[in-house]
Amino acid sequence: MKFKDGKDIKKVLFTKGRIARGVNRAARWLDGKLGGAYAVGICTLKGGMTFYCDLIRKMKTPVQTEFIRASSYGSGTVSRGTAEICGDFGVLLKGRTVVLVEDIVDTGRTVCALKKYLTELGAERVIVVSLLNKPSRREVAACADYSVFDVDNLFLVGYGLDYAERYRDLPYIGVLKDEIYV
Ligand code: IMP
Ligand code: MG
């Protein structure tokens with residue numbers, strides 16, 4: 001059996017502690033922004049899962065939890081540029097405040113497509129919160145209302161983020177050794 005020993009990681013960029021402090025800041029910001037409104041929290045699968053679960057437990061405002069799936073990456077490290085969206089909300093979002101939670105905004109295409117999709121389903125307000133943001137990679141006008149950490153143009157893994165479906169289960173965020181990328 002193979003264990004998580006971190007030997008594929010070249011550098012840890014965000015430790016568990018630093019992430020936790022960032023999640024706290026995002027929770028306080030959201031509490032302020034929502035002002036007590038009962039929102040629908042939508043977790044973007046799969047990358048947003050860890051951040052989402054930590055975030056809603058730190059928020060004082062209660063949220064209803066839903067999931068949405070957006071895939072743009074395939075198994076590589078370069079965005080395919082289009083997001084396939086999969087989510088079934090019916091009339092649930094009509095007139096509601098939605099908090100969309102993402103792992104990372106890279107080109108910005110995924111969050112923008114998701115925001116448009118949720119707005120078309122009748123959401124009154126869509127607040128986009130992302131853990132990470134790569135401003136240098138932006139191709140479309142930024143749609144995130146809050147992002148916790150800005151990062152350089154590096155491919156990151158851990159805390160929900162994957163490379164070829166691996167490393168999502170690391171408790172920190174880091175960069176893989178060059179030889180791991182195929
Ligand atoms: P965008 O549409 O280019 O903004 O891509 C956003 C999606 O690509 C994110 O939700 C992630 O799933 C994925 N992604 C972007 N950068 C990284 C990264 O550094 N590591 C892992 N996944 C990433
Ligand atoms: Mg994602």
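Counting starts at 1 for both ligands and their atoms, in listed order. Computed from a predicted structure; not experimentally measured.
Atom numbering of ligand 1 starts at 1 in the shown order; those under 4.0 Å from a heavy atom of K134 are 16 (N), 17 (C), 18 (C), 19 (O). With ligand atoms numbered from 1 in the order given, ligand 1 contributes 1 (P), 2 (O), 3 (O), 4 (O) to contacts under 4.0 Å with heavy atoms of T107. Against a heavy-atom cut-off of under 4.0 Å, R109 is close to the following atoms of ligand 1: 2 (O), 4 (O).
T97 and Y38 share no side-chain donor-acceptor pair at under 3.5 Å. For the residue pair D103/Y52, the side-chain donor-acceptor check at 3.5 Å is not satisfied.
Between D178 and K10 there is a salt bridge, since at least one side-chain N of the basic residue sits less than 4.0 Å from a carboxylate O of the acidic one. Using a 4.0 Å cut-off between charged nitrogen and carboxylate oxygen, R168 and D162 count as a salt-bridge pair.
Contacts with ligand 1 closer than 4.0 Å are made by no heavy atom of R137, backbone or side chain. Contact annotation: for E102 versus ligand 1, heavy atoms closer than 4.0 Å belong to the side chain alone. Contact annotation: for L154 versus ligand 1, heavy atoms closer than 4.0 Å belong to the backbone alone.
When ring centroids are compared, Y163 and Y181 come within the 6.0 Å threshold.
Of all the listed residues (T110, D103, D162), D103 holds the heavy atom that lies closest to atom 10 (O) of ligand 1. Selection from G108, G47, A144 by nearest heavy atom to atom 4 (O) of ligand 1 gives G108.
Counting only residues at least two apart or on different chains, the side chain to side chain donor-acceptor pair (under 3.5 Å) pairs with a member in residues 18-29 are R28-D31.
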Could you tabulate the donor-acceptor pairs under 3.5 Å formed by side-chain atoms of residues 118-127, not counting sequence neighbours?
from: T119; atom 1: OG1; to: K115; atom 2: O; distance (Å): 2.6
from: E120; atom 1: OE2; to: K116; atom 2: NZ; distance (Å): 3.4

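Any N or O atom pair closer than 3.5 Å counts here, and L161 shares no such pair with ligand 1.
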